[in-house]
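Report on the structure given below.
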Amino acid sequence: MHLINTKALTVVVLSALMLGVLFCYISLSYRGVELFKQNNINQQNGLRYEQPSILRGRTDVVTVTPWLAPVVWEGTFNPVLLDSIYKRKNITVSATVFAVGKYIMFLKDFLETAEQHFFVGFKVHIYVFTDRPNEVPQVRMAAGRQLTVRSVPSSKRWQEISARRMELIQTLIEDQLPNRSDDYVFCLDVDSKFHGRWGAESLGGLVAVIHPGYYKDGRSRFPYERRPASRAYLAPEEGDFYYCGGAFGGLLQEVHHLAKTCRSNFEADAQEGIEAAWQEESHLNRYMWINKPTKVLSPEYLWQDFKPQTPEVHIIRFSGVVKNYAEIRPNA
């Protein structure tokens, strides 16, 4: 009996030792995997770039607004650093573009240059609104980038096409775009094309682009809506900058609120027989006066091709092409 108990005890001890060894092996293996993951993360976090300075930088332009929103110019950001930050967030950047009527002729250049310069390396979804879906060009898009065509009715007045943009942007966000708080959308003019990087430096809650035609002028020369009866009205002492209607964006919920508000104000004006001076651009400027943009993009982000490049504009990233409005607008 004593021999049997000794053997049983030996089996128990050996089994315990084997279980202990197995536990240590599993624990060390797990720690090894975790260390590998941590080292991998550290390698990713170990991005090397030139030390930033608070004493050196652009001195020829203003780089922050009075409400402390950054004004983005070439030389004010590190593109490699910004891309590394935002790519980890796995964001999707959408863009809306309206190619109605003869404006379809500009779509190919827009799409091809967007592939070269607009958020390269990110997930991008471009929504094309057009009354000529069969004429949308076939453009090869990189992995993670896609295009969706949405049919819209034609119009006999270009002002109506312009005015409906806010409605269509609002309904797109409500019906089609995923409800993610960290995704972005930009609304861009089709009669434009990209020439240089437009990337993560442009991301913000509510993003406005300063109009290239008025950035040197005082507010008295801005083409705001000046009739008090309009909901787009800005008084002579109001307004910060004159912003483009052809390029704006931000987080989905911010752009949705902008589009919904501008649409509501535009429709209320229309019921009273009022059409703002520059349609949705006038309402956009009114909105941006009350709801300050959290990031302002310099005229680099929507230049005009008929204008010579000025010394402070070191790069033209996106520009409106030269065109004959009489040929492309239905009632020009």
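Computed from a predicted structure; not experimentally measured. When reading the values below, keep in mind they use all heavy atoms of this one structure, side chains included, and skip hydrogens, waters and symmetry mates.
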Would [X] and [Y] show up in the same hydrophobic cluster when neighbours are defined by side-chain heavy atoms closer than 4.5 Å?
X	Y	answer
V62	I315	no
V149	Y103	yes
I91	M141	yes
F318	V120	no
F106	V322	no

Do the charged groups of K323 and D191 touch, with an N to O distance under 4.0 Å?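 Counted as a salt bridge, because a side-chain N and a carboxylate O are separated by less than 4.0 Å.
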Short N-O contact, D83 and R197, less than 4.0 angstrom: yes
Might you point out which heavy atoms bring [X] and [Y] nearest each other, and give the distance in Å?
X	Y	answer
L111	P137	CD1-CG, 4.3 Å
A114	I126	CB-CD1, 4.4 Å
L302	S192	CD1-OG, 4.1 Å
V209	A247	CG2-O, 3.3 Å
E281	H211	OE2-CD2, 4.2 Å
Y243	A208	CD2-CB, 3.4 Å

With rounding to the nearest 0.5 angstrom, report the [atom1] to [atom2] distance, [X] to [Y].
X	Y	atom1	atom2	answer
Y184	L251	OH	CG	4.5 Å
N285	I290	CG	CD1	11.5 Å
K89	L203	NZ	CG	10.0 Å
L206	L258	CG	CG	6.0 Å
L107	K193	CG	NZ	13.5 Å
I210	C244	CD1	SG	9.0 Å

Heavy-atom check, side chain of [X] versus side chain of [Y], under 4.5 Å:
X	Y	answer
V296	P70	no
R140	E112	no
V139	L147	no
D183	S94	no
D109	V321	no
E275	E225	no
I173	V255	yes
V93	F186	yes

Above 12 or not: heavy atoms from other molecules or residues under 6.0 Å from NZ of K123? yes
Would the number of heavy atoms belonging to other residues, nucleotides or ligands and lying under 6.0 Å from CD of E50 be above 12?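 For E50, atom CD is not crowded (no more than 12 foreign heavy atoms under 6.0 Å).
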So H314 and D60, side-chain contact (heavy atoms from CB on, under 4.5 Å) or not? Walk me through it. CA-CA 11 Å; H314 294 179; D60 58 331; 4.0 Å; yes
Compile the donor-acceptor pairs under 3.5 Å between side chains in residues 303-312 and protein atoms, sequence neighbours left out, one pair per line.
{"unit_1": "W303", "atom_1": "NE1", "unit_2": "K307", "atom_2": "O", "d": "3.3"}
{"unit_1": "D305", "atom_1": "OD1", "unit_2": "S319", "atom_2": "OG", "d": "2.5"}
{"unit_1": "Q309", "atom_1": "NE2", "unit_2": "V313", "atom_2": "O", "d": "2.6"}
{"unit_1": "T310", "atom_1": "OG1", "unit_2": "Y215", "atom_2": "OH", "d": "2.8"}
{"unit_1": "T310", "atom_1": "OG1", "unit_2": "E312", "atom_2": "OE2", "d": "3.2"}
{"unit_1": "E312", "atom_1": "OE2", "unit_2": "Y215", "atom_2": "OH", "d": "2.4"}

In terms of ring plane angle, is the pair F194 and W198 parallel, tilted or perpendicular, where the classes change at 30° and 60°? perpendicular
Mark yes or no for whether [X], through its side chain, and [Y], through its backbone, hold a donor-acceptor pair below 3.5 Å.
X	Y	answer
T76	V72	no
D131	G101	yes
K108	M105	no
E167	R164	no
S264	T261	no
S84	L81	yes
T130	A99	yes

Set of residues satisfying ring-ring contact (aromatic ring centres under 6.0 Å, His included) with respect to [X], sequence neighbours excluded:
X	value
F222	Y224
F122	F119
F129	F98

Chi angles and distances behind the side-chain contact (heavy atoms from CB on, under 4.5 Å) call for V128, T148: CA-CA 6 Å; V128 175; T148 297; over 6 Å; no
Not counting sequence neighbours, which residues clear salt bridge (charged side-chain N to carboxylate O under 4.0 Å, His left out) with [X]? List them please.
X	result
E300	R317
R145	E115
K87	none
R132	E135

Ignoring hydrogens and angles, state whether a donor on the side chain of H125 or T92 is under 3.5 Å from an acceptor on the partner side chain.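 On atom types as modelled, these side chains do not qualify, holding no pair under 3.5 Å.
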What I want to check is whether the side chains of E201 and Y301 have a donor and an acceptor closer together than 3.5 Å.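 Yes, because at least one side-chain N or O of E201 sits under 3.5 Å from a partner of the opposite role on Y301.
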Contacts of type side chain to side chain donor-acceptor pair (under 3.5 Å), residue E267, not counting sequence neighbours: R263
Among all residues two or more places apart in sequence or in another chain, which pass the side chain to side chain donor-acceptor pair (under 3.5 Å) test with D189?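 Counting only residues at least two positions away or on another chain, D189 forms a side chain to side chain donor-acceptor pair (under 3.5 Å) with R165.
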What do the steps show when you test V71 against V61 for side-chain contact (heavy atoms from CB on, under 4.5 Å), and what is the final call? CA-CA 9 Å; V71 183; V61 292; over 6 Å; no
Can you run down the ring pair (Phe, Tyr, Trp, His ring centres under 6.0 Å) pairs that involve residues 59-92, sequence neighbours left out, and say none if there aren't any?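 Listed by first then second residue: nothing to list.
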Quick one: which residue pairs count as a ring pair (Phe, Tyr, Trp, His ring centres under 6.0 Å) with a foot in residues 246-265, not counting sequence neighbours? H257-Y287
